[in-house]
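A short worksheet on the structure shown next.
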Amino acid sequence: MSKISKSAFKRWIISQVKESKLLFKSIPSYIVAFFVVSVIAMNLLANKTIVNENWIALDGGIIISWMTFLCMDVVTKHFGPHAANKMTLFAVLVNLFTCLIFFIVSVIPTKDDYTVFNQIVGGTWFILLSSTIAFIASGLINNSLNFLIGKLFKNNPDGKTAFFMRSYISTFIAQFFDNFIFAFFTFMIFAPIFWDGFSWTFLQVIMCSLTGALLELLMEVVFSPIGYTISRKWKKDGVGEDYFAYIRECSNENIDYRN
């Protein structure tokens, strides 16, 4: 790498660090807290299967998955997809760190029998890998689609219709890919190897991904008015103005990153 390239890369790193600090100071803490907690909770709740049929499979994580995607939708609407992607990656890192702590606790020997507890918190490495890949991919898809769909509502980008369409379409598609990627890697790649030949067919993966996404879309429809209310309040209160000012300074363009 040339000296010029190293210098440019160093400036980019410094810029990204400063931008990230401003971003996480600007996003209201309760959203980041709810988002991270929901990601960790989904990982734990996924240990319990609620429904397991040939055409639908649901785990306990579906009870809280709406919160995860609603937080991403609100942040994307106000701060833009780049900011939502950073929040997504931050939550992934926190979740992986939490899983590491849980694993360490699960392997600590004790006099009493904690087998069930250890199995739950210790987790399975390939399920964690599959869920992490699926969540990162679905987060990037959700945030990008949400932003691009919002661009279609030029006349009233802050209206209810715009917010709901952004949320509904992006959530359904992203949740489908989240379910599909997780099921494909877990039940078609790893399970046949590590679970004595147990596996799903490709049709099962598709059907369970689709039915799961439809149910998660229904929950998004129920709770999205909360996200719309939060989004309106943030714009009214001028949340994140320091962050937007820094973005405009870096780009030398007067761009509204909230739509």
Side-chain angles (χ1 to χ4, degrees), residues 23 27-28 31-32 34-39 41-42 58 61-92 95 130-184 205-235 239-240 255-259:
L23 174 64
I27 301 176
I31 286 292
V32 179
F34 275 124
F35 183 67
V36 173
V37 168
S38 68
V39 173
M42 280 197 302
L58 301 173
I62 197 169
I63 302 298
I64 202 171
S65 62
W66 63 268
M67 182 184 294
T68 304
F69 281 83
L70 188 61
C71 288
M72 285 192 286
D73 291 343
V74 172
V75 172
T76 300
K77 172 64 179 71
H78 192 79
F79 291 95
H82 181 65
N85 290 340
K86 284 194 171 185
M87 187 177 73
T88 299
L89 293 177
F90 173 74
V92 168
N95 182 56
S130 299
S131 63
T132 299
I133 294 173
F135 181 68
I136 292 175
S138 63
L140 296 176
I141 292 171
N142 180 82
N143 302 335
S144 299
L145 279 178
N146 189 290
F147 178 75
L148 292 174
I149 294 168
K151 288 296 183 181
L152 300 177
F153 294 86
K154 297 180 180 180
N155 294 332
N156 189 16
D158 298 320
K160 287 184 178 181
T161 301
F163 184 87
F164 292 155
M165 287 301 99
R166 292 171 68 142
S167 297
Y168 298 166
I169 297 173
S170 63
T171 294
F172 175 75
I173 295 175
Q175 288 279 24
F176 173 81
F177 279 102
D178 181 66
N179 297 335
F180 177 83
I181 294 171
F182 174 77
F184 179 79
V205 171
I206 290 291
M207 290 303 299
C208 290
S209 300
L210 182 59
T211 52
L214 285 171
L215 182 56
E216 286 158 333
L217 174 61
L218 177 61
M219 298 180 74
E220 181 78 9
V221 170
V222 173
F223 292 104
S224 58
I226 299 174
Y228 175 71
T229 301
I230 293 172
S231 178
R232 294 269 299 192
K233 188 176 188 305
W234 283 6
K235 187 159 189 176
V239 171
I255 300 175
D256 185 0
Y257 284 86
R258 288 169 287 188
N259 297 317

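- Rounded to the nearest 0.5 angstrom, Leu145 CG and Phe177 CZ are separated by 9.0 Å.
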| How far apart are the C-alpha atoms of Ile206 and Phe184, what are their side-chain angles, what is the distance that settles it, and do they pass the side-chain contact (heavy atoms from CB on, under 4.5 Å) test? | CA-CA 9 Å; Ile206 290 291; Phe184 179 79; over 6 Å; no

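- Other residues, nucleotides and ligands contribute only 12 or fewer heavy atoms inside 6.0 Å of the CG atom of Asn155.
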Go through Val222 and Trp66 one step at a time and tell me if the side-chain contact (heavy atoms from CB on, under 4.5 Å) criterion holds. CA-CA 9 Å; Val222 173; Trp66 63 268; over 6 Å; no

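- Side-chain contact between Asp73 and Ser170: present, with at least one pair of heavy atoms (C-beta onward) separated by less than 4.5 Å.
- Taking all atoms of both residues into account, the shortest heavy-atom contact from Lys151 to Lys154 is O-CG, 3.4 Å.
- Of all the heavy atoms in Ser38 and Phe35, the pair that sits closest is OG-O, 2.7 Å.
- Atoms CG and OG1, on Asn142 and Thr68 in that order, are 10.5 Å from each other to the nearest 0.5 Å.
- Taking the six-membered ring where the residue is Trp, His78 and Trp234 present perpendicular rings, their angle passing 60° and hence far from 30°.
- The CD1 atom of Ile62 sits 6.5 Å away from the CE atom of Met219 when rounded to the nearest 0.5 Å.
- Summarising the geometry of Ile181 relative to Ala137, their closest heavy-atom pair is CD1-CB, 3.6 Å, with the distance given to 0.1 Å.
- Here the shortest heavy-atom pairing between Met42 and Gly61 reads CG-O, 3.7 Å.
- Residues Val205 and Phe182 are not in side-chain contact: their nearest non-hydrogen atoms beyond the backbone lie 4.5 Å or more apart.
- In this structure, Ile149 CD1 and Tyr168 OH are separated by 13.0 Å, a value rounded to the nearest 0.5 Å.
- Looking at every heavy atom in both residues, Ser224 comes nearest to Val221 through OG-O, 3.4 Å.
- Put simply, the side chain of Asp178 reaches to within 4.5 Å of the side chain of Gln175, judged on heavy atoms.
- Contact annotation: the side chain of Leu140 never approaches that of Thr88 to less than 4.5 Å [non-hydrogen atoms, C-beta and beyond].
- Partner Asn146 forms a side chain to side chain contact (heavy atoms under 4.5 Å, CB included) with one of Arg166, Met165, Met72 and no other, that one being Arg166.
- When all heavy atoms are compared, the tightest approach of Ser138 to Phe69 is OG-CZ, 3.9 Å.
- Rounded to the nearest 0.5 angstrom, Phe34 CZ and Ile64 CD1 are separated by 9.0 Å.
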- Query: Run the side-chain contact (heavy atoms from CB on, under 4.5 Å) check on Asp158 and Phe163 step by step: do they pass?
  - Reply: CA-CA 7 Å; Asp158 298 320; Phe163 184 87; over 6 Å; no

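- Looking at heavy atoms from C-beta onward, Val37 lies out of side-chain contact with Met67 at the 4.5 angstrom threshold.
- If you take OG on Ser144 and CD1 on Ile173, they are separated by 11.5 Å, rounding to the nearest 0.5 Å.
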Test side-chain contact (heavy atoms from CB on, under 4.5 Å) on Tyr228 and Ser167; report intermediate values, then the result.
CA-CA 10 Å; Tyr228 175 71; Ser167 297; over 6 Å; no

